[in-house]
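When reading the values below, keep in mind they use all heavy atoms of this one structure, side chains included, and skip hydrogens, waters and symmetry mates. Everything numeric in this text was worked out from a predicted model, so none of it was measured.
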Amino acid sequence: MVDSDEEVEKAIDSPFETAEADALLCSYLRFSPDPIFVVDADGRFVYSNSGCRELFDRTVGELMDTNLFEYDNADNTAMRKVLDTGEPLCGLDQEIVTDDGETISVERYLYPLFDDTGTLVGGIEINRDVSERVSAQRREAQLEQLRAYQSDVAEEFGEWLAALSRGNYAIDPSVPEPDADFEDITAVYEVFDSMADNLGVAVDSTNDMLADVERGAAQLDTLSTRLGTAATETENAAARIDDYSTDAAATVSEQVDTAAAAEQSATDLSASIEEITATTQKISEQASQARSLADTGTESAETAVNRMDAAVDSAEENLDHVSNLEAQMENIEEMTEMIADIAEETNLLALNANIEAAHTDGDGDGFGVVADEIKTLAEESKTAVEEISETLDSLRTDIESTTAAIEHSSAEIEAGADAVGDVVDHIAEIDTAIEETETGIVQIADATDDQAENAQTVKTTVEAVADQSRQVDDHMTDISTEVDQQTENVDNVKRVSETIDTLSDDLHDDLSAFTLADTDEDE
């Protein structure tokens with residue numbers, strides 16, 4: 001049954017038969033804001049108010065005469081314990097899930113009910129909705145958890161930043177997940193986790209950059225060392241090149257002087273060869289004249305022999321012929337003197353040729369051989385001339401004797417004819433010697449022409465060498481100037497290397513303040 005305002009519903013057969021008890025229960029249930037229900041000793045609902053029906057999501061008439069222990073919305077073991085022990089249970093926190101899925105936080109108070117005789121006839125349960133309070137408490141607890149979590153994470157962030165401020169980049173910014181699980185702390189975790197990820201990316205990027213800088217510093221140090229070494233080696237090489245250039249320049253200068261001397265020697269040689277050529281031509285002309293005289297002498301001697309043959313028949317004719325012979329002897333004597341002069345000049349020419357051959361080293365060997373042959377011919381000619389002179393002297397004596405005794409003995413004339421025959425023979429030998437002399441002179445002339453051409457070639461070559469030597473001297477001067485410039489550039493490079501070395505040392509000092517993560521695995 002239900003009262004008039006439908007606040008309190010009670011069973012028809014209530015275990016509380018007295019009017020006072022019934023009125024007291026109905027009054028309490030009506031005016032209490034809390035959900036309240038009463039069960040009998042078996043757990044059957046006998047009283048309930050509207051708040052109880054709302055708690056169990058029931059309408060009027062659906063709750064009465066049903067058994068509490070058939071509902072699983074809440075923990076009903078507490079009422080079972082009260083009914084079994086008769087002891088109250090107060091201040092139990094409980095969450096009740098309604099049929100529509102709503103969770104309600106309640107604070108339960110369970111009391112046993114006795115009749116007048118003290119018999120346990122049921123129990124009453126008062127459920128106070130403490131959802132707001134529990135929510136506030138839960139919120140407070142969550143806030144406390146959130147504050148603790150934020151404090152812990154902020155402390156870790158502070159430690160990471162402190163490490164970074166000390167240059168320690170070997171950190172791993174990783175935010176731990178919170179122990180609690182509610183929306184606010186999850187959102188805070190996601191924010192912190194995102195910040196940690198960003199910090200990790202920044203740390204990794206900075207770590208990679210510093211690692212690259214460190215490697216660059218090492219490479220810069222190595223480069224500086226190599227650059228310094230190269231600069232030193234280049235400087236030493238430039239110094240050596242400068243020394244070599246100086247020595248080469250001195251050598252080239254000496255070569256220029258030597259070339260000039262050689263050029264002068266070639267000029268002198270050309271002049272000597274020209275002089276020899278002129279002398280050779282003169283000797284050739286004199287040899288031609290001597291040959292002409294020898295031919296004339298030969299003809300005269302033959303004529304004298306013929307006359308001497310005729311003098312056998314006529315002494316007076318022989319005297320005439322002897323007179324003519326004396327005149328011819330004077331011509332022969334002049335020719336002999338000329339041949340002697342030619343032999344002397346030929347000998348002198350051969351001596352000069354040998355001297356010039358010695359001056360021209362290996363190129364004048366052939367010329368020297370020809371000169372030796374000419375000298376031999378000249379000596380032979382001289383010997384022949386001396387023999388002719390001796391013969392002429394003897395002939396002159398014989399002719400004088402013949403002139404004195406021509407009238408007394410034709411036999412002496414015949415002897416004179418024989419002597420003239422000998423003269424003819426000697427003149428023939430002289431003619432042969434002159435011919436050989438002319439041949440030698442021709443060979444000397446040819447050799448002289450060849451030597452003149454060679455001397456001109458040598459002179460041209462020496463002039464070219466002199467010009468090239470002067471050009472080389474100019475180039476060596478340019479090289480020396482360039483070496484000086486390169487030495488200055490090397491000094492500049494050395495100063496740059498020293499600057500790079502200083503920067504590398506400063507960079508190493510700066511990097512020594514940082515602790516970098518081990519990047520060997522990445523590399």
T117 meets the side-chain hydrogen bond (donor to acceptor under 3.5 Å, both in side chains) criterion, sequence neighbours left out, with D115, T119

If we only count heavy atoms from C-beta on, is the [X] to [Y] side-chain gap below 4.5 Å?
{"X": "P173", "Y": "F157", "result": "no"}
{"X": "E107", "Y": "D34", "result": "no"}
{"X": "V39", "Y": "V46", "result": "no"}
{"X": "V82", "Y": "Y111", "result": "no"}
{"X": "L92", "Y": "L110", "result": "yes"}
{"X": "L83", "Y": "F69", "result": "yes"}
{"X": "M79", "Y": "L68", "result": "yes"}
{"X": "C26", "Y": "K10", "result": "yes"}

Could you list the residues that satisfy side-chain contact (heavy atoms from CB on, under 4.5 Å) with [X], not counting sequence neighbours?
{"X": "E140", "result": "L143, R147"}
{"X": "E159", "result": "E155"}
{"X": "A180", "result": "Q145, F182, I185"}

Rounded to the nearest 0.5 Å, what's the gap from [atom1] on [X] to [atom2] on [Y]? Could you check?
{"X": "Q142", "Y": "D181", "atom1": "CD", "atom2": "CG", "value": "9.5 Å"}
{"X": "L348", "Y": "K375", "atom1": "CG", "atom2": "NZ", "value": "11.0 Å"}
{"X": "N127", "Y": "S105", "atom1": "CG", "atom2": "OG", "value": "12.0 Å"}
{"X": "L120", "Y": "D84", "atom1": "CG", "atom2": "CG", "value": "9.0 Å"}
{"X": "R30", "Y": "S50", "atom1": "CZ", "atom2": "OG", "value": "10.5 Å"}
{"X": "S48", "Y": "R58", "atom1": "OG", "atom2": "CZ", "value": "11.5 Å"}

Test your reading of the model: is there a side-chain donor-acceptor pair from [X] to the backbone of [Y], 3.5 Å cut-off?
{"X": "N49", "Y": "L29", "result": "yes"}
{"X": "T66", "Y": "L63", "result": "yes"}
{"X": "D42", "Y": "R44", "result": "no"}
{"X": "T85", "Y": "K81", "result": "yes"}

Taking atom types as modelled and ignoring hydrogens, do the side chains of E62 and T59 form a donor-acceptor contact shorter than 3.5 angstrom? yes

N/O donor-acceptor pairs under 3.5 Å from side chains in residues 188-205, not counting sequence neighbours:
| residue | atom | partner | partner atom | Å |
| --- | --- | --- | --- | --- |
| N198 | ND2 | S194 | O | 3.3 |
| S205 | OG | V201 | O | 2.8 |

For the residue pair [X] and [Y], what are the closest heavy atoms and their distance?
{"X": "G86", "Y": "P112", "value": "O-CG, 3.0 Å"}
{"X": "D172", "Y": "W160", "value": "O-CZ2, 4.1 Å"}
{"X": "Y28", "Y": "I36", "value": "CE2-CD1, 3.2 Å"}
{"X": "Y109", "Y": "C90", "value": "CD2-CB, 3.5 Å"}
{"X": "E125", "Y": "R108", "value": "OE2-NE, 2.7 Å"}

- [ ] Return the set of residues passing ring-ring contact (aromatic ring centres under 6.0 Å, His included) with F37 (not counting sequence neighbours), or none when no residue passes.
- [x]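 Partners of F37 under the ring-ring contact (aromatic ring centres under 6.0 Å, His included) test: F45, F56.
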
- Any ion pair linking R128 and D93 (charged N to carboxylate O, less than 4.0 Å)?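 R128 and D93: not salt-bridged.
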
